[in-house]
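In what follows, every chain begins at residue 1, and chains take the letters A, B, ... in the order their sequences are listed. Bear in mind the structure is a predicted one, so any value in this text is a computation, not a measurement. Just so you know, these numbers use all the heavy atoms, side chains as well, and skip hydrogens, waters and symmetry mates.
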Amino acid sequence: NAGVTQTPKFRVLKTGQSMTLLCAQDMNHEYMYWYRQDPGMGLRLIHYSVGEGTTAKGEVPDGYNVSRLKKQNFLLGLESAAPSQTSVYFCASSWYSSGYTFGSGTRLTVV
Amino acid sequence: GENVEQHPSTLSVQEGDSAVIKCTYSDSASNYFPWYKQELGKRPQLIIDIRSNVGEKKDQRIAVTLNKTAKHFSLHITETQPEDSAVYFCAATSPNTGNQFYFGTGTSLTVIP
């Protein structure tokens, strides 16, 4: 039982490059989320999903896209990376009205 | 949407003393309030939570209280230990929001041996 697994753990991108972050959960959770964490700003929601095939925008969605083709996977895409997207990205999953289980995070640096 | 404010942003206590972190929320419909602990370089982990039909919940040295009227909730850690040093985040969520959590900006707790 791995819980929530994020890949990769670290990545350095050049401005304008694209990449996809993968989140996989094995708890059969309906809800999945992508957050970014920046110093002094806590955790801010990028996008989330309430079930397979659904996605919705969170607080800071600009510059990101997501897909949830399978219930256990939630992908976060950056089409054209910018230095402002340098951050630590956390994926999480949950049941309705219950606490999140977070992945171990992806540290992304855009140069 | 919901707005969660958390205070203080930093807190230092002597080992064995108590620590209290306070959060306020704006949406009176919020009904679930979890607390997370994040150690340096690690993922946030749920340490305790409370629902709106309960005023207080305790788990060993940690407790959470909720005042729905005033729209605030607090984390209490008693008999603090060095391993309690971490960043603590409060959060709130309300129905019909896709279980979105609105997080506070965090409290960095340092327990001095």
Side-chain angles (χ1 to χ4, degrees), chain A residues 2-7 9-10 21 23-25 27 29-61 66 68 74 87-107, chain B residues 1-10 21 23-27 29-54 57 59 62 64 75 86-108:
Chain A
V4 179
T5 303
Q6 286 183 236
T7 54
K9 295 189 184 305
F10 303 93
L21 282 67
C23 177
Q25 53 97 3
M27 297 171 286
H29 284 164
E30 286 292 336
Y31 296 79
M32 296 187 75
Y33 315 84
W34 277 106
Y35 281 86
R36 60 177 289 172
Q37 185 173 36
D38 302 291
M41 302 191 74
L43 292 149
R44 294 183 293 167
L45 183 64
I46 305 171
H47 286 281
Y48 65 101
S49 169
V50 300
E52 181 178 313
T54 75
T55 62
K57 293 180 180 180
E59 180 185 2
V60 289
V66 289
R68 186 140 179 231
F74 195 29
S87 187
V88 179
Y89 292 85
F90 285 100
C91 175
S93 69
S94 76
W95 296 110
Y96 174 72
S97 191
S98 67
Y100 291 176
T101 299
F102 282 91
S104 58
T106 297
R107 186 172 296 275
Chain B
E2 175 69 279
N3 181 43
V4 177
E5 296 189 356
Q6 184 172 347
H7 300 281
S9 58
T10 60
I21 302 169
C23 290
T24 61
Y25 60 98
S26 61
D27 187 351
S30 289
N31 62 351
Y32 179 65
F33 308 90
W35 285 88
Y36 285 82
K37 175 183 180 181
Q38 186 178 27
E39 297 176 348
L40 190 63
K42 301 286 185 64
R43 73 189 79 189
Q45 295 202 304
L46 180 68
I47 56 171
I48 196 166
D49 56 11
I50 191 167
R51 298 188 185 275
S52 58
N53 59 347
V54 176
K57 184 176 179 180
D59 183 3
I62 59 173
V64 57
L75 178 71
V87 178
Y88 292 81
F89 293 96
C90 64
T93 187
S94 60
N96 304 317
T97 62
N99 206 40
Q100 284 187 62
F101 285 6
Y102 295 88
F103 285 90
T105 50
T107 296
S108 179

K.L.:
For A:Leu43 versus B:Pro44, what's the shortest heavy-atom pair and its separation?
P.N.:
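Between these two residues, the closest heavy atoms are CD1-CG, 4.3 Å.
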
K.L.:
Rounded to the nearest 0.5 Å, what separation is found between the OG atom of A:Ser98 and the CZ atom of B:Arg51?
P.N.:
7.0 Å

K.L.:
Rounded at 0.5 Å granularity, tell me how far OH in B:Tyr102 sits from CG in A:Leu45.
P.N.:
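B:Tyr102 OH to A:Leu45 CG: 8.0 Å, rounded to 0.5 Å.
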
K.L.:
Measure the spacing between CZ of B:Phe103 and CD of A:Gln37 and express it to the nearest 0.5 Å.
P.N.:
9.5 Å

K.L.:
Report the relative orientation of the aromatic rings in B:Tyr36 and A:Tyr100; use parallel for angles under 30°, tilted for 30 to 60°, perpendicular for over 60°.
P.N.:
tilted

K.L.:
Taking atom CZ of A:Arg107 as the centre, report whether more than 12 heavy atoms of other residues, nucleotides or ligands fall under 6.0 Å from it.
P.N.:
no

K.L.:
With heavy-atom distances below 4.5 Å as the criterion, would you say the side chains of B:Phe101 and A:Tyr33 are in contact?
P.N.:
no

K.L.:
Between B:Gln45 and chain A, with a heavy-atom cut-off of 4.5 Å, which part of the residue counts as in contact: side chain, backbone, both or neither?
P.N.:
neither

K.L.:
How close do A:Ser104 and B:Arg43 get, heavy atom to heavy atom, and via which atoms?
P.N.:
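Closest pair (atom of A:Ser104, atom of B:Arg43, distance): CB-NH2, 3.3 Å.
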
K.L.:
If you round to the nearest 0.5 Å, how far is CZ of A:Phe102 from NZ of B:Lys42?
P.N.:
15.5 Å

K.L.:
Could you tell me which portion of A:Val88 (side chain, backbone, both or neither) has an atom closer than 4.5 angstrom to a non-hydrogen atom of chain B?
P.N.:
neither

K.L.:
Examine whether an atom of A:Tyr96 lies under 4.5 Å from a heavy atom of chain B, and if so say whether it belongs to the side chain, the backbone or both; otherwise answer neither.
P.N.:
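It is both, since atoms from each part get that close.
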
